[in-house]
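One-based numbering, in listed order, for ligands and for the atoms of each.
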Amino acid sequence: MSGGWHRCIQWKADAFGELYVLARSSNMAGVTYDIAIIGGGPAGATAAILLARRGRSVVVCEKEEFPRFKIGESLLPHSLRTLDELGVRGQLDAHALVKHGGEIATACGGRIRRFYFDEAIQLRDRTAFQVERAWFDRMMLDRAVECGAEVRQPCAVERCDFDDEGATLATSGGEIRARYVLDCSGRNAVLGQQFDLRRRYDHLQKFSVFAHYEGVQRDSGRDAALTRLIRGSRHWFWMIPLDDRRTSIGMVCDIADFRAARKTPVQMLDDAIAASSLMAGRMVGARRITEVHPVGDYSYRNTRFHGPRWLLAGDAAGFIDPIFSTGVFLAIHSGEKAAHALDGALRRPWTRLLRFPMYSRGLGRLMNRYLRFVSAWYSEGFVDVFTAPRPPFRIPQAVNSVLGGNVHPNFSVWWRLQIFYLVLRMQRRRENVSGFDRPAGDSLAGAEAR
Ligand SMILES: Cc1cc2nc3c(=O)[nH]c(=O)nc-3n(C[C@H](O)[C@H](O)[C@H](O)COP(=O)(O)OP(=O)(O)OC[C@H]3O[C@@H](n4cnc5c(N)ncnc54)[C@H](O)[C@@H]3O)c2cc1C
């Protein structure tokens, strides 16, 4: 064969090969996005809005059609600045209830303390919102579309395969190719499960039952929209007003107590309400308007929050406990920080070596802070200190500041927190310290006895 023929055949073979590779890659992946986000809850929507606004090509895969029922309705003041930046504050002002603070009470109603965000030490924003999540999540995701993100819904991500250039996501709607993946899949934790990163908190093996009600009694004025936490000796309740009519009510107990009680979730919730004089009193004439949702074993953290081509945000990174309504705050906060880290990595790829570990460290530190509070809540002393008639040194106002989402407490908050932890430690040793007496709460055992 002459050299000419040989070169011609060789060229055709090469061209054919190239075409095959191109065709295969376009069949497999189509467009390569800058970022693929798994999950369109608050974490995913926050990141999608910020990244799309910076001109990044973003695809959000959300496995459910919105609106859908979701728990987690009480927001924290610190999220307000981000919600402003996302351009959704106007919608919240128009449609959501303004929350001024909360109330902690013992289940028998013997001791009650209200706390208002405007009394907290060093808290920038003085109010927050109570939202119906079906509405809130859809509004956030609509905003992401408005800002230029592509939202695929329903579209479940089944698996992500990573390589040097990015990731290929296997979804219920076909394959998607992206340079980076941000996992915001909530407690489904797609990457956490795929890489076996999830670790439970042994001391937080809890079970929760919740539903929406109409006709729950409220106070008037700004107290009408407070979050109410009612603490029994082995369980606690939340009451979160959603609008003029509806209230979210839930109960949390040890998962072992739920198993030992051998009751259905509905019975568990009804009996616990009936056994608490405070709850029962507020719910005279109330009517349940949704089904009762049970959820158990929800507290965990992943051992890592990043890899070379991926980050975890919101519940997909970890979930501590519902007690202080930190879930959506952490979701929005980490969605925002993850968006900054990813945008920086897309601008200068080598910076991801610094940005991703910094992101993980920051989120881990914040989670540790709230974990400490949550663990304190489940020790008896927390409610004692909070509901004491004259708590010294304005300790509740300092605790309130951090619980409002103050991510950088100053010295005046810090030293009060140290005293707070010291009192709790002493309380654990001796039953009663400096006049903080223990709350008398109704127990689940009491509920069963009735
Ligand atoms: C009992 C209870 C009470 C709570 N109360 C509060 C409260 O009062 N205030 C508060 O701030 N927080 C509360 N939380 C926590 C709050 O619900 C979560 O922290 C918050 O929703 C986290 O937001 P996210 O965006 O990380 O995840 P999510 O809101 O869970 O969103 C994740 C999204 O990912 C989607 N998804 C999951 N898997 C896939 C997949 N494979 N492919 C594609 N999409 C997927 C889901 O459909 C979902 O829409 C509570 C939690 C519990 C369990």
Side-chain angles (χ1 to χ4, degrees), residues 36-48 59-79 99 102 128-134 136-138 140-141 151-160 169-173 176 181-194 204 206-211 227-229 236-242 248-253 269 293-300 312-335 338 363 367 370 403 405:
I37 299 178
I38 313 174
T46 299
V59 61
V60 180
C61 303
E62 167 53 58
K63 81 175 165 64
E64 290 190 38
E65 293 270 21
F66 285 5
R68 47 90 173 98
F69 181 93
K70 181 86 189 170
I71 200 63
E73 298 126 330
S74 193
L75 310 189
L76 294 186
H78 196 77
S79 299
K99 159 180 153 184
F129 291 103
Q130 314 279 27
V131 296
E132 189 208 4
R133 284 291 300 275
F136 178 75
D137 288 14
R138 182 158 79 168
M140 292 277 282
L141 209 51
V151 174
R152 299 194 186 179
Q153 200 176 12
C155 173
V157 175
E158 283 140 19
R159 169 171 188 91
C160 302
L169 290 80
T171 80
S172 53
I176 291 176
V181 175
L182 177 59
D183 184 3
C184 299
S185 59
R187 284 180 286 112
N188 267 15
V190 170
L191 293 184
Q193 303 227 43
Q194 184 176 321
L204 294 175
K206 303 290 175 191
F207 169 82
S208 180
V209 259
F210 42 87
T227 292
R228 297 205 145 86
L229 302 176
W236 63 272
F237 300 92
W238 75 76
M239 286 183 138
I240 299 174
L242 300 178
S248 169
I249 300 232
M251 190 274 289
V252 175
C253 64
L269 183 58
H293 298 264
V295 49
D297 204 9
Y298 38 68
S299 299
Y300 68 91
L312 312 179
D315 282 7
F319 178 66
I320 305 171
D321 190 273
I323 176 64
F324 296 123
S325 302
T326 46
V328 175
F329 158 66
L330 286 173
I332 290 175
H333 179 81
S334 57
L363 182 57
M367 284 181 169
Y370 289 114
L403 294 183

Under 4.0 Å from a heavy atom of [X]: which atoms of ligand 1 are those, numbered in the order shown and with their elements?
{"X": "Glu73", "value": "7 (C), 8 (O), 9 (N)"}
{"X": "Lys70", "value": "21 (O), 28 (P), 29 (O), 30 (O)"}
{"X": "Asp315", "value": "18 (C), 19 (O), 20 (C), 22 (C), 26 (O)"}
{"X": "Ile240", "value": "8 (O)"}
{"X": "Gly186", "value": "27 (O), 30 (O), 32 (C)"}
{"X": "Arg68", "value": "48 (C), 49 (O)"}
{"X": "Ala156", "value": "42 (N), 43 (C)"}
{"X": "Trp238", "value": "1 (C), 3 (C)"}

Looking only at atom types and distance, does a side-chain atom of [X] sit under 3.5 Å from a main-chain N or O of [Y], one as donor and one as acceptor?
{"X": "Gln193", "Y": "Asn188", "value": "yes"}
{"X": "Ser208", "Y": "Met251", "value": "yes"}
{"X": "Glu62", "Y": "Cys155", "value": "no"}
{"X": "Asp183", "Y": "Leu191", "value": "yes"}
{"X": "Arg228", "Y": "Met239", "value": "no"}

Between [X] and ligand 1, is there a nitrogen or oxygen pair with a distance under 3.5 Å?
{"X": "Gly314", "value": "no"}
{"X": "Pro42", "value": "yes"}
{"X": "Arg133", "value": "yes"}
{"X": "Val157", "value": "yes"}

Considering heavy atoms of the protein only, find what lies nearest to [atom] and give residue, atom and distance to 0.1 Å.
{"atom": "atom 4 (C) of ligand 1", "value": "Pro322 CB, 3.5 Å"}
{"atom": "atom 53 (C) of ligand 1", "value": "Arg187 NH2, 3.7 Å"}
{"atom": "atom 9 (N) of ligand 1", "value": "Ser74 O, 2.9 Å"}
{"atom": "atom 15 (C) of ligand 1", "value": "Phe319 CE1, 3.4 Å"}

What do we get for [X] next to ligand 1 when only non-hydrogen atoms under 4.0 Å count, side chain, backbone, both or neither?
{"X": "Glu158", "answer": "neither"}
{"X": "Ile38", "answer": "side chain"}
{"X": "Ile71", "answer": "both"}
{"X": "Ser208", "answer": "side chain"}
{"X": "Leu75", "answer": "neither"}

Give the single entry among [options] that approaches [atom] most closely by any heavy atom.
{"atom": "atom 5 (N) of ligand 1", "options": "Gly72, Gly335, Ala45", "answer": "Gly72"}
{"atom": "atom 32 (C) of ligand 1", "options": "Gly39, Ser79, Cys184, Gly327", "answer": "Cys184"}
{"atom": "atom 45 (C) of ligand 1", "options": "Gln153, Lys63, Glu64", "answer": "Lys63"}
{"atom": "atom 49 (O) of ligand 1", "options": "Gln193, Gln130, Glu62", "answer": "Glu62"}
{"atom": "atom 36 (N) of ligand 1", "options": "Ser334, Ser185, Pro294", "answer": "Ser185"}

Any side-chain heavy-atom pair from [X] and [Y] closer than 4.5 angstrom?
{"X": "Ile71", "Y": "Val295", "answer": "no"}
{"X": "Arg152", "Y": "Val59", "answer": "yes"}
{"X": "Ile240", "Y": "Phe210", "answer": "no"}
{"X": "Lys63", "Y": "Ser172", "answer": "no"}
{"X": "Ile323", "Y": "Val252", "answer": "no"}
{"X": "Asp321", "Y": "Lys206", "answer": "yes"}
{"X": "Val131", "Y": "Val328", "answer": "no"}
{"X": "Val190", "Y": "Glu158", "answer": "no"}

> With a 4.0 Å cut-off on heavy atoms, is Gly250 touching ligand 1?
Replying inline: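 Checking ligand 1 against Gly250, which is what was asked, there is no heavy-atom contact under 4.0 Å.
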> Passes side chain to side chain contact (heavy atoms under 4.5 Å, CB included), Arg187 versus Tyr300? Steps please.
Replying inline: CA-CA 9 Å; Arg187 284 180 286 112; Tyr300 68 91; 3.8 Å; yes
> Roughly how far, to the nearest 0.5 Å, is CZ of Arg133 from CZ of Arg68?
Replying inline: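 So the gap between those two atoms works out to 6.0 Å.
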> Is a side-chain donor-acceptor pair under 3.5 Å present for Trp238 with Thr227?
Replying inline: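 Side-chain D/A pair, Thr227 to Trp238: absent.
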